[in-house]
Undergrad: 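My questions all concern the structure below.
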Amino acid sequence: MNILFWMDSIESINPKKDTTYLLIHECFKQNMTPYFINSIGMEIGKLIIEANEFIPFEIGNSLEINPQKLNFTQKDISAIWLRKDPPVNSDYVRELLLLNQFNQEIKLINSPTGILMNNEKLAATQFKSITPKTLISQSKKQIKDFININKNSMIKPLDSYGGNGIFKVSDSEANLDTIIEVSTKNETEQIICQQMVNYTLGDKRILLLNGEAIGAVKRINHNGHRNNFMAGGIAEKSMVSENDNKIVQLIKPFIQKNNLFFVGIDIIDNHLIEINVTSPTGLQEINYFGKIQLQQKIIAEMIK
């Protein structure tokens, strides 16, 4: 069974942190053959993928690939994991649209249309009963008016990850104009401006499989407002609470409608902040604190 991974470069993968790393390793354990996708193309009715086979490895070792490039069509592939981080630029969109033409012949995780139709930060805003007050705008005036009304707020880019570009601001911020100008690239790009919730207790990353919670981990930064692991946050043990489950059940129909097999949601102060549909992380940390191996369940569920 050939399982292909559309992902970031193998050099960027941290064996101690990365979720894709565990999924690849588990494919080997369950007698599947995982491959790294180099390029994607097509003829009419025929998918053409060039990929390299991953070399079997022990947990803790770096990823390596066989240098021989192999060609695949849709008939050779059981599933493709779509695990590239944003930004969702023109190349990203084009390759997802191309893959989507073969979604009846290959299991694509997550659905390309599900990814394309749901910006990770925008997706949460449709659930207005559980999200903070939010403005999407590129207008300096609108952003400043929002901050004047809601006082302490967060400014963040629509299309980034890992805590990049997130600013904590208030109506008394001396550099507010500069922050808005930099964030919006002089009012040419929309950003999110969101009423601040209590981030000091950390945020909770919950992983969902087929719309059901399978585990959670707290991310907390004792030296700043960005709890993301890539921005200095550390992992602490956490559980899926009763309130978390209410949020999960509220968004489950949306998850299933969009064919989002593996998703990460972020909850801060009992508010839904983000629905990560591109390459959710947190698996290694959840495994560590729970003394479990969730990748076994994920890969087994993939082939059902």
Undergrad: Give the table of side-chain donor-acceptor pairs shorter than 3.5 Å for residues 190-197, with sequence neighbours excluded, one pair per line with atom names and distance.
TA:
| from | atom 1 | to | atom 2 | distance (Å) |
| --- | --- | --- | --- | --- |
| Q194 | OE1 | K156 | NZ | 3.2 |
| Q194 | NE2 | T134 | OG1 | 2.9 |

Undergrad: State whether a side-chain donor-acceptor pair under 3.5 Å links S139 with S137.
TA: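 No pair is found: no donor N or O on one side chain lies under 3.5 Å from an acceptor on the other.
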Undergrad: List the atom pairs, donor and acceptor, that lie under 3.5 Å between side-chain atoms in residues 297-304 and the rest of the protein, sequence neighbours left out.
TA:
| from | atom 1 | to | atom 2 | distance (Å) |
| --- | --- | --- | --- | --- |
| E301 | OE1 | K304 | NZ | 3.1 |
| E301 | OE2 | N210 | ND2 | 3.1 |

Undergrad: Tell me which pairs pass salt bridge (Lys or Arg N to Asp or Glu O under 4.0 Å) where either residue lies in residues 31-54, with sequence neighbours left out.
TA: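 The answer is E50-K69.
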Undergrad: Under the salt bridge (Lys or Arg N to Asp or Glu O under 4.0 Å) test, which residues partner E212, sequence neighbours left out?
TA: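 Residues passing salt bridge (Lys or Arg N to Asp or Glu O under 4.0 Å) with E212: K252.
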Undergrad: May I have the step-by-step check of side chain to side chain contact (heavy atoms under 4.5 Å, CB included) for L201 and D269, ending in yes or no?
TA: CA-CA 8 Å; L201 299 177; D269 192 22; 5.7 Å; no
Undergrad: Got more than 12 heavy atoms from elsewhere within 6.0 Å of CD, E105?
TA: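 Yes, the 6.0 Å shell around CD holds more than 12 heavy atoms from other groups.
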Undergrad: Under a 3.5 Å cutoff, is there a donor and acceptor pairing between the side chains of N198 and T200?
TA: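 There is such a pair (donor and acceptor under 3.5 Å, judged by atom type) between the side chains of N198 and T200.
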Undergrad: Using atom types as modelled and distance alone, determine if a side-chain donor or acceptor of Y288 lies under 3.5 Å from a backbone N or O of K237.
TA: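 Here the side-chain-to-backbone pair does not exist.
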Undergrad: Side chain of D145, backbone of N148: donor and acceptor closer than 3.5 Å?
TA: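 Not a single qualifying donor-acceptor pair exists.
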Undergrad: Kindly write out the residues that satisfy ring-ring contact (aromatic ring centres under 6.0 Å, His included) with F102, not counting sequence neighbours, or none if the list is empty.
TA: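 By the ring-ring contact (aromatic ring centres under 6.0 Å, His included) rule, F102 matches no residue at all.
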Undergrad: With no hydrogens and no angle check, is any side-chain donor or acceptor of N52 less than 3.5 Å from a backbone partner on P67?
TA: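 At least one qualifying donor-acceptor pair exists.
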Undergrad: Quick one: list whatever passes side-chain contact (heavy atoms from CB on, under 4.5 Å) with F28, sequence neighbours left out.
TA: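 Only I24, P34, F54, P56, F57 meet the side-chain contact (heavy atoms from CB on, under 4.5 Å) criterion with F28.
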Undergrad: State whether Y199 and K168 meet the cation-pi test: NZ (Lys) or CZ (Arg) under 6.0 Å from the six-membered ring centroid, and within 45° of the perpendicular axis.
TA: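 Output no; distance or angle outside limits.
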Undergrad: Are any side-chain N or O atoms of Q256 and backbone N or O atoms of G211, one a donor and one an acceptor, separated by less than 3.5 Å?
TA: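 No; zero donor-acceptor contacts below 3.5 Å.
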Undergrad: Any side-chain to backbone donor/acceptor pair from Q295 onto L23? Under 3.5 Å, distance only.
TA: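 Judged by distance alone, no pair lies under 3.5 Å.
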